[in-house]
Undergrad: 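I'd like to ask some things about the structure below.
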Amino acid sequence: IVSVVFSTTIIINERKSNANIRNVLSKTNGIIFLMSTFLTILLVVFIQTLFLMIIASFFLKFSLFSSIFKLILILLLSISVFTSLGMLIGYLFNSGETAIIASISISLLLIIFSPLISPLEAMPSLFRLIFSYTPIILIEDILRRILIFESSNSGVIINSIALIVTFLIVSAGTILTYYLTRYKEIQ
């Protein structure tokens, strides 16, 4: 969730900086520019998350290192989803304040409809079906299967595919919004 607000802030600051016209008019491909921003945010948030996970594993006494490869892949995938979502929000809104409010609101909605606040079993069946595919619920289920139950790969793979599809959809929206925003800024 931190990556949603962080990436929104980075995109808004980049769009409002004096160097933005140079970025828009440069011969750098838009995809390369997006990827560099995405990878920078991904690296910063991944290091921060990994550091917090290591500290939590010592205090909460769970085995972090028994499935470190799976954990790193899932962390990278989940951070990617939320970073893309934050970048999408950053390109959708022109005002920094509006973008931050939108990113915090979306983050809060994702948290409210996660098992932390309201369990899926307590929701009506239609909402249960819709909210069972939100990124937080998918990530929580994958992490529970990996860290607590050390279960087989079948449930992890299915939820990982759903996360990958979510990432691809949000990334496509980010790319489309980036080019529309860039076109508007050139005009």
Undergrad: Can you give each donor-acceptor pair under 3.5 Å made by side-chain atoms of residues 160-170, sequence neighbours left out, with the distance rounded to 0.1 Å?
TA:
{"from": "S160", "atom 1": "OG", "to": "V156", "atom 2": "O", "distance (Å)": "2.6"}
{"from": "T166", "atom 1": "OG1", "to": "A162", "atom 2": "O", "distance (Å)": "2.9"}

Undergrad: For the atom pair CD1 (I68) and CD1 (I146), what is the distance rounded to the nearest 0.5 Å?
TA: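 Answer for the CD1-CD1 pair, I68 versus I146, is 10.5 Å.
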Undergrad: Kindly write out the residues that satisfy ring pair (Phe, Tyr, Trp, His ring centres under 6.0 Å) with F6, not counting sequence neighbours, or none if the list is empty.
TA: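 Here no residue qualifies.
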Undergrad: Which heavy-atom pair separates S114 from I137 by the least distance, and what is that distance?
TA: CA-CG1, 4.1 Å
Undergrad: With ILVMFWY side chains joined below 4.5 Å, transitively, what does L180's cluster contain besides itself?
TA: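 Hydrophobic cluster check, L180: joined to L176.
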Undergrad: Which distance, rounded to the nearest 0.5 Å, do you find between the OG1 of T181 and the CG of L92?
TA: 7.0 Å
Undergrad: Less than 4.5 Å apart, side chain to side chain, heavy atoms only: is that true for M87 and T177?
TA: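 Answer no - side chains too far apart.
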Undergrad: Rounded to the nearest 0.5 Å, what separation is found between the CG atom of L43 and the CD1 atom of I41?
TA: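 These two atoms lie 11.0 Å from each other.
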Undergrad: If the test is side chain to side chain contact (heavy atoms under 4.5 Å, CB included), which one of T9, L88, L85 qualifies with V4?
TA: L85
Undergrad: Could you see if I142 belongs to whatever hydrophobic cluster contains V81? Use Ile, Leu, Val, Met, Phe, Trp, Tyr and a side-chain cutoff under 4.5 Å.
TA: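 Yes, because I142 and V81 connect within a single hydrophobic cluster, where side-chain heavy atoms sit under 4.5 Å apart.
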Undergrad: So, for P135 and L110, which heavy atoms are closest and what is the spacing to 0.1 Å?
TA: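 So the minimum-distance heavy-atom pair works out to CD-CD2, 4.2 Å.
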Undergrad: Answer yes or no: is there a donor N or O on one side and an acceptor on the other, between the side chain of T8 and the main chain of G86, under 3.5 Å?
TA: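 At least one qualifying donor-acceptor pair exists.
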Undergrad: Quick check: closest heavy atoms across I12 and F93, and the distance to 0.1 Å?
TA: CD1-O, 3.6 Å
Undergrad: Consider only side-chain heavy atoms of I, L, V, M, F, W and Y, link residues closer than 4.5 Å, and tell whether V2 and I10 are in one cluster.
TA: no
Undergrad: Do F58 and L50 sit in one hydrophobic cluster, given that two such residues count as connected whenever their side-chain heavy atoms are within less than 4.5 Å of each other, even indirectly?
TA: yes
Undergrad: From F38 CZ over to S3 OG, what is the distance, rounded to the nearest 0.5 angstrom?
TA: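 It comes to 9.0 Å.
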Undergrad: Can you name the nearest heavy-atom pair linking G30 to R182, along with the distance?
TA: CA-NH1, 3.3 Å
Undergrad: Spell out, yes or no, whether L39 and F82 are grouped together once hydrophobic residues are joined by side-chain heavy atoms under 4.5 Å, including indirect joins.
TA: yes
Undergrad: I need the F131 CZ to I136 CD1 distance, nearest 0.5 Å.
TA: 12.0 Å
Undergrad: Just wondering, more than 12 heavy atoms not from Y133 lying within 6.0 Å of its OH?
TA: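 At most 12 heavy atoms, drawn from other residues, nucleotides or ligands, come within 6.0 Å of this atom.
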Undergrad: Please tell me whether S84 and S171 have a donor and an acceptor in their side chains that are separated by less than 3.5 angstrom.
TA: yes
Undergrad: Please enumerate all residues that pass salt bridge (Lys or Arg N to Asp or Glu O under 4.0 Å) together with E14, with sequence neighbours excluded.
TA: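 Not a single residue meets the salt bridge (Lys or Arg N to Asp or Glu O under 4.0 Å) criterion with E14.
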Undergrad: Considering residues at least two apart in sequence or located in another chain, which fulfil the ring pair (Phe, Tyr, Trp, His ring centres under 6.0 Å) criterion with Y91?
TA: Y178
Undergrad: How long is the gap from CD on E140 to CZ on R145, to the nearest 0.5 Å?
TA: 10.0 Å
Undergrad: Answer yes or no: is there a donor N or O on one side and an acceptor on the other, between the side chain of K70 and the main chain of L143, under 3.5 Å?
TA: no
Undergrad: If two hydrophobic side chains count as joined below 4.5 Å and joins carry through other members, does V5 share a cluster with L42?
TA: no
Undergrad: Show every donor-acceptor pair shorter than 3.5 Å between a side-chain atom in residues 71-80 and any protein atom, with sequence neighbours excluded, or say none if there are none.
TA:
{"from": "S78", "atom 1": "OG", "to": "I74", "atom 2": "O", "distance (Å)": "3.0"}
{"from": "S78", "atom 1": "OG", "to": "L75", "atom 2": "O", "distance (Å)": "3.0"}
{"from": "S80", "atom 1": "OG", "to": "L76", "atom 2": "O", "distance (Å)": "2.6"}

